[in-house]
2 protein chains.
Amino acid sequence: MGTPSTLRTESSACCRIELTDTVEDYLKAIFAITSLGEPASTSGVAARLSVTPPSVTAMLHRMRDSGLVATTTWGHVLLTEHGAVHARSVVRRHRLLETFLHRVLGVSWDEVHEEAEVLEHHLSTRLENLIDAALGFPDRDPHGDPIPSVRGKHEEHGETPLAQSGPGDIFLVQRVYDTDSIALRHLAELDIRPGVSIEVERRPSDLAPMWVRVGGERCSLSCAVVNLIHGRIESSAAAS
Amino acid sequence: MGTPSTLRTESSACCRIELTDTVEDYLKAIFAITSLGEPASTSGVAARLSVTPPSVTAMLHRMRDSGLVATTTWGHVLLTEHGAVHARSVVRRHRLLETFLHRVLGVSWDEVHEEAEVLEHHLSTRLENLIDAALGFPDRDPHGDPIPSVRGKHEEHGETPLAQSGPGDIFLVQRVYDTDSIALRHLAELDIRPGVSIEVERRPSDLAPMWVRVGGERCSLSCAVVNLIHGRIESSAAAS
DNA sequence: AGCCGACATTAGGGCGGTCTAAATCTCCGG
DNA sequence: CCGGAGATTTAGACCGCCCTAATGTCGGCT
């Protein structure tokens with residue numbers, strides 16, 4: 001911490017700010033929020049990082065001064081290209097680590113995230129590349145999240161949510177958001193993970209859960225869980 | 001970093017101080033210095049950590065207040081049992097990581113140290129155990145340094161230095177201190193590593209290097225390099 | 001015995017990051 | 001058009017860790 005890891009080779013040396021763990025966390029948070037299109041608000045970043053808004057304001061100031069972030073409307077920011085490059089780098093390290101820990105050490109699906117969360121800040125470029133190669137240059141992590149390539153374009157959200165499918169649809173799971181560890185453990189027990197197909201029986205409503213069939217088993221999915229699941233509708237039964 | 005990694009399970013909860021990365025570094029430094037018998041001096045710790053003596057004084061104060069360290073003579077400290085437990089834990093994580101990175105990822109001998117140096121502070125107990133098991137519970141790292149067990153006694157220095165051997169001796173290398181990355185790379189090229197035997201031709205003097213044979217090749221070793229090599233004299237030729 | 005050099009400590013300041021409390025700004029609805 | 005709710009920012013403080021400069025303390029040497 002104090003000393004920033006000198007093992008990472010940063011191409012652009014033009015920034016005054018240290019790329020501390022904290023800055024990387026802010027970068028990642030803003031990346032996640034803005035990847036849905038909207039600029040990030042102070043309070044949004046604060047909530048995601050569990051800090052108070054004044055802390056965010058102060059940090060955003062420094063990040064703006066060093067060109068990582070640009071303010072748009074009042075209290076809202078977007079990543080600059082420079083900031084986005086670094087943000088993608090953090091996300092790449094995070095997802096490579098998740099894949100590595102899962103495949104090599106057998107860390108379970110729902111535990112992998114919190115481990116990667118702390119290691120991502122301390123992975124040297126050397127280890128990053130070694131891990132990438134050892135895994136055969138994967139393009140998705142265990143949750144199906146796309147792993148940004150070291151250089152080049154990156155598409156964060158391409159899948160359609162499970163909630164958009166209707167009864168009779170065959171839905172191919174491609175991605176399960178790892179924001180909720182408990183839900184993830186639940187889904188692991190149900191064998192719902194990227195690559196499996198599920199058959200929709202009933203859409204979720206405000207009152208009732210969604211019902212699906214997966215691997216012959218019939219099960220219900222709470223709304224919170226359904227929203228984590230994204231993928232592609234393989235065959236649609238609904239003609240309406 | 002700010003937030004200390006909550007993933008590590010600390011048995012003794014009786015300490016007021018946070019076990020930050022920095023504290024772990026101090027612990028490790030004091031452990032290394034005092035493992036040779038002598039208490040650690042302020043300036044000694046300062047030199048090892050590349051920090052100024054006043055910083056060490058301040059930190060030692062806090063560490064003493066939280067029972068990690070006890071002051072003996074003027075400006076000298078020893079680890080308490082409590083502190084030693086934590087120190088061994090850090091060393092254990094460091095050496096497990098070195099072994100893991102070397103064996104699994106193929107990180108070279110001389111590079112493994114600096115990688116472990118930063119990761120050691122962020123390895124959860126869960127990953128520590130997983131790595132330990134994946135490696136088959138090793139008891140030495142790639143340099144031959146003993147890996148402290150999770151509980152139980154630990155002997156840090158048992159080997160005799162190469163410098164103590166005389167002409168004609170067959171010396172079994174058991175350990176090569178990893179304090180000097182350049183020397184380590186040099187030794188790797190010479191195929192001198194734990195497990196290999198070398199034959200001593202001439203002792204080092206103030207002026208001349210040591211001469212040894214290893215794998216049929218005859219080579220010279222500078223004094224700085226010789227001091228890193230420790231092991232056991234297999235057969236002694238010197239009757240004097 | 002006394003002095004001097006080496007070492008340790010105090011004093012005081014800085015930076016990164018966090019917080020609370022108070023002030024300010026924006027935007028929307030009446 | 002103005003006021004109030006809600007979000008943002010400023011103000012001020014704290015902690016961890018580092019630094020430099022000045023001061024204290026020890027032991028050895030003359």
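Naming convention: chains lettered A, B, ... in sequence-line order (proteins, then strands); numbering from 1 in each chain. Just so you know, these numbers come straight off a predicted model, no measurement behind them.
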side-chain hydrogen bond (donor to acceptor under 3.5 Å, both in side chains) evaluation trace for A/Ser181 with A/His113: CA-CA 8 Å; A/Ser181 181; A/His113 177 76; over 6 Å; no

Determine whether B/Arg93 and B/Ser89 satisfy the following criterion, side-chain hydrogen bond (donor to acceptor under 3.5 Å, both in side chains), listing intermediate values before the conclusion. CA-CA 6 Å; B/Arg93 296 198 296 272; B/Ser89 166; 2.7 Å; yes

Working note: B/His230 + B/Gln174, criterion side-chain hydrogen bond (donor to acceptor under 3.5 Å, both in side chains); need CA distance, chi angles, decisive distance, verdict. CA-CA 6 Å; B/His230 290 65; B/Gln174 292 177 311; over 6 Å; no

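What separates CG of A/Asp65 from P of C/dG17 is a distance of 13 Å, to the nearest Å. Atom P of nucleotide D/dG16 and atom CE of B/Met63 are separated by 14 Å, given to the nearest angstrom. B/Leu27 has its CG atom 12 Å from the P atom of D/dC17, to the nearest Å. As rounded to whole Å, 15 Å separates atom C1' of C/dC19 from atom CG of A/Leu49. Put simply, CE on A/Met59 is 6 Å from P on C/dT18, counting in whole angstrom units. The distance between atom CG of A/Leu68 and atom C1' of C/dG16, rounded to the nearest whole Å, is 15 Å.
Salt-bridge formation is detected for the pair B/Arg88/B/Glu81: a Lys NZ or Arg NE/NH1/NH2 atom is positioned less than 4.0 Å from an Asp or Glu carboxylate oxygen.
OP1 or OP2 of C/dG16 has not a single side-chain nitrogen or oxygen of A/Thr20 nearer than 4.0 Å. Residue A/Tyr26 places none of its side-chain N or O atoms closer than 4.0 Å to OP1 or OP2 of C/dG16. Phosphate contact (OP1/OP2 of D/dC19, side-chain N/O of B/Thr52, threshold under 4.0 Å): present. In this model, the phosphate group of C/dC15 is not approached by any side-chain N or O of A/Arg62 to a distance below 4.0 Å at OP1 or OP2.
Here the side chain of A/Thr80 pairs a donor or acceptor atom with the backbone of A/Gly67 at under 3.5 angstrom.
Ring geometry for B/His122 against A/His122 counts as parallel: the plane angle stays under 30°, on a 0 to 90° scale with 60° as the upper cut.
Comparing A/Thr73 and A/Ser55 by the nucleotide of DNA chain C whose heavy atom lies nearest to each, the residue mapping closer to the 5' end is A/Ser55.
Under the side-chain hydrogen bond (donor to acceptor under 3.5 Å, both in side chains) rule, A/Lys28 has a single partner from A/His86, A/His121, A/Glu117, which is A/Glu117.
Taking every heavy atom of both residues into account, A/Arg103 and A/Leu135 meet most closely at NH2-O, 2.7 Å. Between A/Leu105 and B/Ile131 the shortest heavy-atom distance is CD1-CG1, 3.8 Å.
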Protein-proximity profile, nucleotides 4-15 of chain D, B/S/- by nucleotide at the 4.0 Å heavy-atom cutoff, equals ----SBB-----

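Comparing the axis of the opening five pairs of the helix from C/dA1-D/dT30 to C/dG30-D/dC1 with that of the closing five pairs yields an angle of 30°, rounded to 10°.
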